[in-house]
Amino acid sequence: MTPPKFTTLGCRLNAYETEAMKDLAAQAGLENAVVVNTCAVTAEAVRKARQEIRKLRRDNPDAKLIVTGCAAQTEPETFAKMAEVDAVIGNTEKMTPDIWKGLAADFIGETEAVQVNDIMSVTETAQHLIDGFGTRSRAYVQVQNGCDHRCTFCIIPYGRGNSRSVPAGVIVDQIKRLVDKGFNEVVLTGVDLTSWGADLPAQPKLGDLVMRILKLVPDLPRLRISSIDSIEVDENLMQAIATERRLMPHLHLSLQHGDDLILKRMKRRHLRDDAIRFAEEARKLRPDMTFGADIIAGFPTETEAHFENSLKLVDECALTWLHVFPYSPREGTPAARMPQVDGRAIKDRAARLRAAGEAAVSRHLSAQQGRTHSVLMEAPDMGRTEQFTEVRFAAEQPVGQIVRAIITGRDGHQLVA
């Protein structure tokens, strides 16, 4: 038996779902197949998916080649036309056991070759929760999928559908199982994490979920939340930041820009002062808090003055870990029809933002000299602090364990202990 090979492009949620697909494919008895889980966040992501598919076909000439993920959902015809592709399945279909049973059959007929339904009609999260995706030290739990917002640069809602939440009881039960298996850190993931609960009875907030997990799973040493929209942060989440040491002091903020006019044209729901105020309040409640952030350089109509406001935001929000995205037009989005910025200016601005990010990382690393950190070991010689900073150890440590370490220096983007 030749088990299927999986290639994942894009976000952490895609990686999570690939693990679930591996289980579904194994249960269906799928053999001699290559599955590509695509990303659609930019036009470049789709181009890379097509490039990867062609390479995988050359490397696996006799295998069934199955394409799924957000790019397959948003533009199935693009992949169905590729001679290398045998089947295209949507984001809902990829979590359906019967679909995989059909793909495991000897012959894929025309009706099975493209199975992509209307993602907007999906009202529930797929019941594909898996226990233990991640490393031996850290597990990821999907608590939410989809997005109800329509930012003008983003195609993702059309790949993921509207927001759907996993009930709190299901999440707590899964985390209890993960702790029983020895995981010392759990990360809550989703497409629009702070919208969790809006579609559930009583409409609980993300802060309610965090407090419930920490109360009902007392043996969980570390809980981490991934990217959040700061304008949606609720009182209970702020309370958890202030009082719960087991909630990690590292938040990745979906900021996107630092200028109010550009934020409005992006159809974001916050202004720059909202972002600054949130960062100040969170740091006041938890002085060791660090922030990551997504920022787009060169959004349509962006002037040098608009860009400067993004650059200033790095210091004004005390951002440390920057994800800088040079804007590229995504067909099917309103922003693609707006007046575009010159490509050389976009490249230059992205480089300047990255330089500001490098300087911020350097300041953060230098400030850790002589401090003691709790480090979760990901490899025998490498782990991460509560703020998600990498630490390199001279002596080997037990993988998966949390060790106390004094920081003696730095090497590149890593601390040394």
Would Leu209 and Asn236 count as a side chain to side chain contact (heavy atoms under 4.5 Å, CB included) here? Give the steps. CA-CA 9 Å; Leu209 176 64; Asn236 265 351; over 6 Å; no
Evaluate side chain to side chain contact (heavy atoms under 4.5 Å, CB included) for Met266 paired with Phe153, printing each intermediate quantity in order. CA-CA 7 Å; Met266 287 179 164; Phe153 55 84; 4.0 Å; yes
Quick test of your reading of the model: are [X] and [Y] salt-bridged, counting only N-O distances below 4.0 Å?
X      : Y      : answer
Glu19  : Lys22  : yes
Arg272 : Asp259 : no
Glu386 : Arg371 : no
Lys55  : Asp59  : yes
Asp86  : Arg57  : yes
Asp208 : Lys205 : no
Asp229 : Arg269 : yes
Arg138 : Glu185 : yes
Asp342 : Arg349 : no

State, yes or no, whether a side-chain contact exists between [X] and [Y] at a heavy-atom distance under 4.5 Å.
X      : Y      : result
Leu365 : Leu415 : yes
Leu103 : Ile89  : yes
Arg404 : His373 : no
Val391 : Phe393 : yes
Lys5   : Val35  : no
His413 : Glu358 : yes
Leu319 : Ile295 : yes
Phe278 : Ile231 : no

Is the backbone N or O of [Y] less than 3.5 Å from a side-chain atom of [X], with the two atoms forming a donor-acceptor pair by type?
X      : Y      : value
Thr333 : Arg330 : yes
Ser163 : Cys147 : no
Arg164 : Asn162 : yes
Glu316 : Ala318 : no
Gln397 : Pro380 : no
Glu31  : Pro3   : no
Glu244 : Ala242 : no
Asn91  : Gly159 : yes
Thr389 : Thr385 : no
Asn14  : Thr38  : yes

Do Gln27 and Trp100 pass the side chain to side chain contact (heavy atoms under 4.5 Å, CB included) test, and can you show the C-alpha distance, the side-chain angles, and the key distance before you say yes or no? CA-CA 9 Å; Gln27 292 164 19; Trp100 290 95; over 6 Å; no
Heavy atoms only: give me the nearest [X]-[Y] pair and the separation to one decimal.
X      : Y      : value
Ala335 : Pro300 : O-CG, 3.5 Å
Arg286 : Pro249 : NH2-CD, 3.6 Å
Ala350 : Pro326 : CB-CG, 4.0 Å
Ser227 : Leu193 : O-CB, 3.6 Å
Gly10  : Cys39  : CA-CB, 3.7 Å
Tyr158 : Arg150 : OH-CD, 3.5 Å

Verdict with reasoning, Glu280 to Arg283, per side chain to side chain contact (heavy atoms under 4.5 Å, CB included): CA-CA 5 Å; Glu280 287 176 347; Arg283 279 200 316 277; 4.0 Å; yes
Would you mind telling me which of Val172, Ile171, Asp173 makes a side chain to side chain contact (heavy atoms under 4.5 Å, CB included) with Ile175?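 So, applying the side chain to side chain contact (heavy atoms under 4.5 Å, CB included) to Ile175 and each of Val172, Ile171, Asp173, only Ile171 qualifies.
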Parallel under 30°, tilted from 30 to 60°, perpendicular over 60°: which one fits the rings of His250 and Phe388?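 Parallel: the ring planes of His250 and Phe388 meet at under 30°.
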Kindly indicate, with the supporting measurements, whether the criterion side-chain hydrogen bond (donor to acceptor under 3.5 Å, both in side chains) is fulfilled by Gln256 and Ser254. CA-CA 6 Å; Gln256 310 306 346; Ser254 179; 3.0 Å; yes
Using only heavy-atom distances, determine whether the side chains of [X] and [Y] contain a donor-acceptor pair under 3.5 Å.
X      : Y      : answer
Glu232 : Thr194 : yes
Arg265 : Thr301 : yes
Lys64  : Asn32  : no
His270 : Ser230 : no
Asn37  : Thr8   : no

Can you confirm whether more than 12 heavy atoms, excluding those of Glu235, are under 6.0 Å from its CD atom?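 It does not: Glu235 CD has 12 such atoms or fewer within range.
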Residues, nucleotides or ligands: over 12 heavy atoms within 6.0 Å of Glu44 CD: yes
Give, for atom [atom1] of [X] and atom [atom2] of [Y], the distance between the pair rounded to the nearest 0.5 Å.
X      : Y      : atom1 : atom2 : result
His252 : Asp294 : NE2   : CG    : 3.5 Å
Leu255 : Ile296 : CG    : CD1   : 11.0 Å
Arg384 : Ile402 : CZ    : CD1   : 14.5 Å

Does Arg222 count as lying over the ring of Phe183, i.e. NZ or CZ under 6.0 Å from the six-ring centre, within 45 degrees of the axis? no
Which atom pairs, one a donor and one an acceptor, fall under 3.5 Å between side chains of residues 210-220 and the rest of the protein, sequence neighbours left out?
none

Please list, chain by chain and in numerical order, all residues satisfying salt bridge (charged side-chain N to carboxylate O under 4.0 Å, His left out) with Glu308, sequence neighbours excluded.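 With sequence neighbours excluded, Glu308 shows a salt bridge (charged side-chain N to carboxylate O under 4.0 Å, His left out) to Arg352, given in chain and number order.
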Test His364 against Thr290 for side-chain hydrogen bond (donor to acceptor under 3.5 Å, both in side chains), laying out the working first. CA-CA 9 Å; His364 170 70; Thr290 60; 5.7 Å; no
Measuring centre to centre across the rings, with the benzene-like ring taken for any Trp, is His306 within less than 6.0 Å of His257? no
Take Asp180 and Arg177 through the salt bridge (Lys or Arg N to Asp or Glu O under 4.0 Å) test and state the conclusion after the steps. CA-CA 5 Å; Asp180 287 344; Arg177 292 194 298 272; over 6 Å; no
